[in-house]
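Only one structure is covered here, and it is reproduced in the block below.
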Amino acid sequence: MLRIHDTAARALRDFEPRIPGQVSMYVCGPTPYDVPHLGHGRTAVVFDVVRRYLAWRGDRVTFVSNVTDIEDRIIARAAERGTTESDLARHYEDVYWEQLDRLGVLRPDEMPHATEFVPQMQTLIAELIAAGRAYVIEGSGVYFQVETLPEYGRLSHRTFAQLVESAGARIEVDDEKRSPVDFALWKAAKPGEPSWESPWGPGRPGWHIECSAMSLDILGEEFDLHGGGDDLVFPHPENEIAQAEGAGHHFARYWLHSGMVMVSGEKMSKSLGNFTFLADAIDAHGPRAFRWLVVQHHYRNQLEINDDALRAAAAAIDGFDALARRARAAGITATPAGALSAEVGRFVAAMDDDFDTPNAVAVIAGWRRDANSALDAGRLDEAAALLATVLHALDALGIALDDGAGTADGRDEIDALVQRRTDARAAQDWAAADRVRDELSALGVVLEDTPTGTIWHRA
RNA sequence: GGCGGCGUAGCCGAGUGGCUCAGGCAAGGGCCUGCAAAGCCCCGUACGCGGGUUCGAUUCCCGCCGCCGCCUCCA
């Protein structure tokens, strides 16, 4: 039984989807006004692993993740650049997916854009007004009246009273709002801003309404999982709940939130200026190192990411690749289908415990060692089964191994050089053999002598 | 001020009232190897501090110290 830490319950809960065997999942996606940083990458990988694992264990998963393509920052950035909001958003959405593709993050089944769901948002806003939970301020917009919803704050565990008390310190007090805690559902258009017609005048949606409207429209009432970064818990998903439940809808059943990426002990954020571009980290250490680093840590904890950490993760991945290469050299062809079910059970037990990837990874590391031992001892069937188990489990984590078979570039030339060295070694001409190895090294090729011959891979 | 999380060996990081054990990376020793690479084996007696409960606490309780996040920009 899979157990999930639910933010609303602040506890582990048995996961029972709305429809057995089918999981509906919504994750708050990006506001594409700039290139993605490490934090975006981590969150995307975390929920990609959740999605993959659910599918891997046999559930049919419908994964929806939105793109907020109209929002204050997009408007501001577009104005700065002298371009349109839609061109800017589309550009950065492309950049975002370019990087996530490299990380092996699967595309959502549906990727709704806010600008495509304005009618659904307006319907929801109208429902909220009809329910007496929202009010119009002429020339300003439509606001959600938080006080009308006693359950408000059940996700982030704070009360209306607490919020009112701490308001003012950070919230710009707007005298027109009935309470500083009330938030915008619909913002009246300012000159030059993109806008849509509405019963409340031309304007655009508030930040939170899109996710309520789109998730309900696509996944339906009471969908299973809602995910996002934990800095969003308040206010965004809190307000999503308010908007949906305030209008009488049943909203998400389980709430998952992933921890922040840290830099030198501080949260990575644009305002601190301490962010690293995701693309740079992937360029420097490879996409699998990034993913490995993420799954080595529990998704709810903060995670420090720096070059040293990525280097260590890359070294671990290299070790797995080395196993795959050795196995191939020994004539083993392992596929996930050959996995040892009893061993897989240990992996499942870890993953079922709130996606405990650190323990899952430890289990896999044990198989790696055992597979290498089996290879050393010439127990090829055992090695094949263990490697198959490794591959099967890594599948769930979205990691593939490189056994070197696909390295086609310059292959013939390298093979010829390797053969020359093999001949020299056979003649015990070590100096000549080492010269060839130096040549290959200059080409970025690393040799490994195995009982069944010499294999090589790119450095 | 309110709410929450964390402090574990050189670094990262799971976990548990006692049992040999996480795991990764790095360092050291050994085996293998012409050398190298890869691999395997061995090695580390760690749990912020002070009390308490207990036969026994890193694990439970209380207090303290330190770090971090959220409290309407944020993944």
Side-chain angles (χ1 to χ4, degrees), chain A residues 7 10 27-31 36-44 46-47 71-73 153 156-159 161-163 165-167 169-172 180-184 207-208 227-236 238-239 257-262 265-272 275 292-293 296-298 300-304 306 308-309 311-319 321-323 325-326 329 350 356-366 368-377 425 428-431 433-434 437 441 446-451 454-457 459:
Chain A
T7 304
R10 276 187 180 162
V27 173
C28 291
T31 300
H37 59 59
L38 300 182
H40 297 104
R42 185 201 188 182
T43 302
V46 162
F47 289 106
E71 201 263 350
D72 292 2
R73 289 165 296 168
S156 56
H157 300 94
R158 57 200 75 188
T159 63
Q162 285 174 329
L163 287 163
E165 200 177 320
S166 63
R170 295 188 47 157
I171 310 171
E172 206 177 316
V181 178
D182 293 351
F183 58 91
W207 174 33
H208 316 293
D230 77 5
D231 56 344
L232 259 45
V233 171
F234 190 90
H236 182 61
E238 190 68 65
N239 290 348
H257 290 95
S258 60
M260 293 292 101
V261 169
M262 310 296 281
E266 280 188 313
K267 177 181 160 183
M268 173 170 293
S269 69
K270 301 260 167 164
S271 48
L272 285 170
F275 54 88
W292 189 254
L293 183 62
Q296 271 188 308
H297 299 78
H298 191 87
R300 281 192 279 117
N301 292 158
Q302 298 176 341
L303 168 59
E304 181 85 23
N306 53 46
D308 283 347
R311 237 190 313 275
I317 287 289
D318 284 345
D321 282 346
L323 168 62
R325 286 195 303 272
R326 299 183 73 203
D356 185 358
T357 54
N359 271 119
V361 156
V363 170
I364 297 171
R368 170 190 150 191
R369 188 192 55 239
D370 293 344
N372 273 314
S373 292
L375 278 175
D376 284 346
R425 292 179 73 218
Q428 301 206 351
D429 183 352
W430 309 126
D434 290 348
R437 185 167 57 203
S441 174
V446 180
L447 300 181
E448 293 168 18
D449 295 328
T450 78
T454 299
I455 60 178
W456 58 269
H457 66 97

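Convention: sequence-line order gives letters A, B, ...; per-chain numbering from 1.
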Legend entry - Pairing pattern in dot-bracket form [Watson-Crick, G-U; both distances under 3.5 Å; | = partner strand] for RNA chain B: (((((((..(((.....[....)))..((((.......)))).....(((((..]....))))))))))))....
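- Taking the side chain of A/His37 as heavy atoms from C-beta on, and the options B/A75, B/G24, B/U72, the nearest nucleotide is B/A75.
- Among the protein residues, A/Ala312 comes within range of the sugar-phosphate backbone only, with heavy atoms under 4.0 Å from sugar or phosphate atoms but none that close to a base.
- Counting atom types as modelled, A/Asp230 pairs no side-chain N or O with a base atom of B/G5 as donor and acceptor under 3.5 Å.
- The same atom, P, is picked in B/U20 and in B/C42; the two are 16 Å apart, to the nearest Å.
- The side-chain heavy atoms of A/Pro235 and A/His208, taken from C-beta on, include a pair separated by under 4.5 Å.
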Inset, instruction - Would you sort out whether A/Leu293 and A/Gln296 count as a side chain to side chain contact (heavy atoms under 4.5 Å, CB included), showing the intermediate values? - result: CA-CA 5 Å; A/Leu293 183 62; A/Gln296 271 188 308; 4.3 Å; yes
Distances under 3.5 Å between nitrogen or oxygen atoms of protein and nucleotides 1-3 of chain B:
{"residue": "B/G2", "atom": "O2'", "partner": "A/Gln162", "partner atom": "NE2", "Å": "2.7"}
{"residue": "B/C3", "atom": "O2'", "partner": "A/Arg10", "partner atom": "NH2", "Å": "2.5"}

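- Nucleotides B/A14 and B/A46 are separated by 13 Å at their C1' atoms, to the nearest Å.
- Between the CG atom of A/Asp308 and the P atom of B/C25 there is a distance of 15 Å, rounded to whole Å.
- Put simply, CD on A/Glu238 is 15 Å from P on B/G4, counting in whole angstrom units.
- Counting heavy atoms from C-beta outward, A/Asp231 and A/Lys267 have side chains that approach closer than 4.5 Å.
- On the C1' atoms, B/C70 is 29 Å away from B/U58, given to the nearest whole Å.
- Comparing A/Val233 and A/Ala362 along RNA chain B, the residue whose closest nucleotide (by nearest heavy atom) sits nearer the 5' end is A/Ala362.
- Position along RNA chain B of the nearest nucleotide to A/Phe234 versus A/Gly29 favours A/Phe234 as the more 5'-ward residue.
- A/Ala350 and A/Ala360 make their closest contact through CB-N, 3.6 Å (heavy atoms, listed as atom of the first residue, atom of the second, distance).
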Inset, instruction - List the protein contact pattern of nucleotides 36-43 of chain B with one symbol per nucleotide (5' to 3'): B for base contact, S for sugar-phosphate-only contact, - for none; contact means a heavy-atom distance under 4.0 Å. - result: BBSSSS--
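- Checked by distance alone, A/Lys267 brings no side-chain donor or acceptor within 3.5 Å of a matching partner on the base of B/C68.
- Relative orientation of the A/Trp207 and A/His236 rings is parallel, given thresholds of 30° and 60° on the angle between their planes.
- Rounded to an integer number of Å, the gap from CG of A/Asp72 to C1' of B/C74 is 13 Å.
- When all heavy atoms of A/His157 and A/Thr7 are compared, the closest pair comes out as CE1-O, 3.1 Å.
- Look at the P atom in both B/A57 and B/G18: the space between them is 11 Å, to the nearest Å.
- A/Arg425 approaches A/Ala433 most closely through the heavy-atom pair CG-CB, 3.7 Å.
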Collect all protein-nucleotide pairs involving nucleotides 26-31 of chain B in which both atoms are nitrogen or oxygen and the distance is under 3.5 Å.
none

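- What separates CZ of A/Phe183 from P of B/C71 is a distance of 15 Å, to the nearest Å.
- Annotation: the span from A/Thr357 atom OG1 to A/His298 atom NE2 amounts to 7.0 Å, rounded to 0.5 Å.
- To the nearest whole angstrom, the two P atoms, one in B/C47 and one in B/G1, are 31 Å apart.
- In this structure, CG of A/Asp231 is placed 12 Å from P of B/C73, rounded to the nearest angstrom.
- Between A/Met260 atom CE and B/C6 atom C1' there is a gap of 15 Å when expressed in whole angstrom units.
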Legend entry - Residues A/Arg42, A/Leu303; criterion side chain to side chain contact (heavy atoms under 4.5 Å, CB included); working and verdict: CA-CA 9 Å; A/Arg42 185 201 188 182; A/Leu303 168 59; 3.6 Å; yes
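- Contacts of A/Met268 with the nucleic acid, taken as non-hydrogen atoms under 4.0 Å apart, include base atoms.
- A donor-acceptor contact shorter than 3.5 Å is absent between the side chain of A/Arg326 and the backbone of A/Ile455.
- Residues passing the salt bridge (Lys or Arg N to Asp or Glu O under 4.0 Å) test with A/Asp318: none are found, sequence neighbours excluded.
- To the nearest whole angstrom, the two P atoms, one in B/G13 and one in B/G7, are 9 Å apart.
- Interatomic distance, A/Ser258 OG to A/Leu232 CG, rounded to the nearest 0.5 Å: 9.0 Å.
- Closest to the side chain of A/Asp434, from the set B/G69, B/C35, B/U72, is B/C35.
- Across the C1' atoms, B/U45 and B/G4 are found 34 Å apart, a figure rounded to whole Å.
- Remark: the backbone N or O of A/Gly39 is paired with a side-chain donor or acceptor of A/Thr43 at under 3.5 angstrom.
- A/Glu238 and A/Ser156 are linked by a side-chain donor-acceptor pair at a separation below 3.5 angstrom, with hydrogens and angles left out of the test.
- Within the 4.0 angstrom heavy-atom criterion, base atoms lie near A/Val261.
- With both ends at atom C1', the span from B/G51 to B/G15 equals 25 Å, rounded to whole Å.
- Nucleic acid contact class of A/Gly229 (heavy atoms, under 4.0 Å, all strands): sugar-phosphate only.
- The A/Ala365 side chain lies nearest to B/G23 when the options are B/G69, B/A75, B/G23.
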Legend entry - Per-nucleotide protein contact string for nucleotides 8-15 of chain B, where B marks a base within reach and S marks sugar-phosphate only (heavy atoms under 4.0 Å, - for neither): ----SSSS
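- The distance from the CE atom of A/Met260 to the CG atom of A/Asp230 is 4.5 Å, given to the nearest 0.5 Å.
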Inset, instruction - Output, in order, the C-alpha distance, side-chain angles, deciding distance and verdict of side chain to side chain contact (heavy atoms under 4.5 Å, CB included) for A/Val261 and A/His37. - result: CA-CA 10 Å; A/Val261 169; A/His37 59 59; over 6 Å; no
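- In this structure, A/Gly228 and A/Phe47 approach most closely via the heavy-atom pair N-CZ, 3.2 Å.
- In plain terms, the two heavy atoms of A/Ser269 and A/Phe275 that are nearest each other are O-CD2, 3.8 Å.
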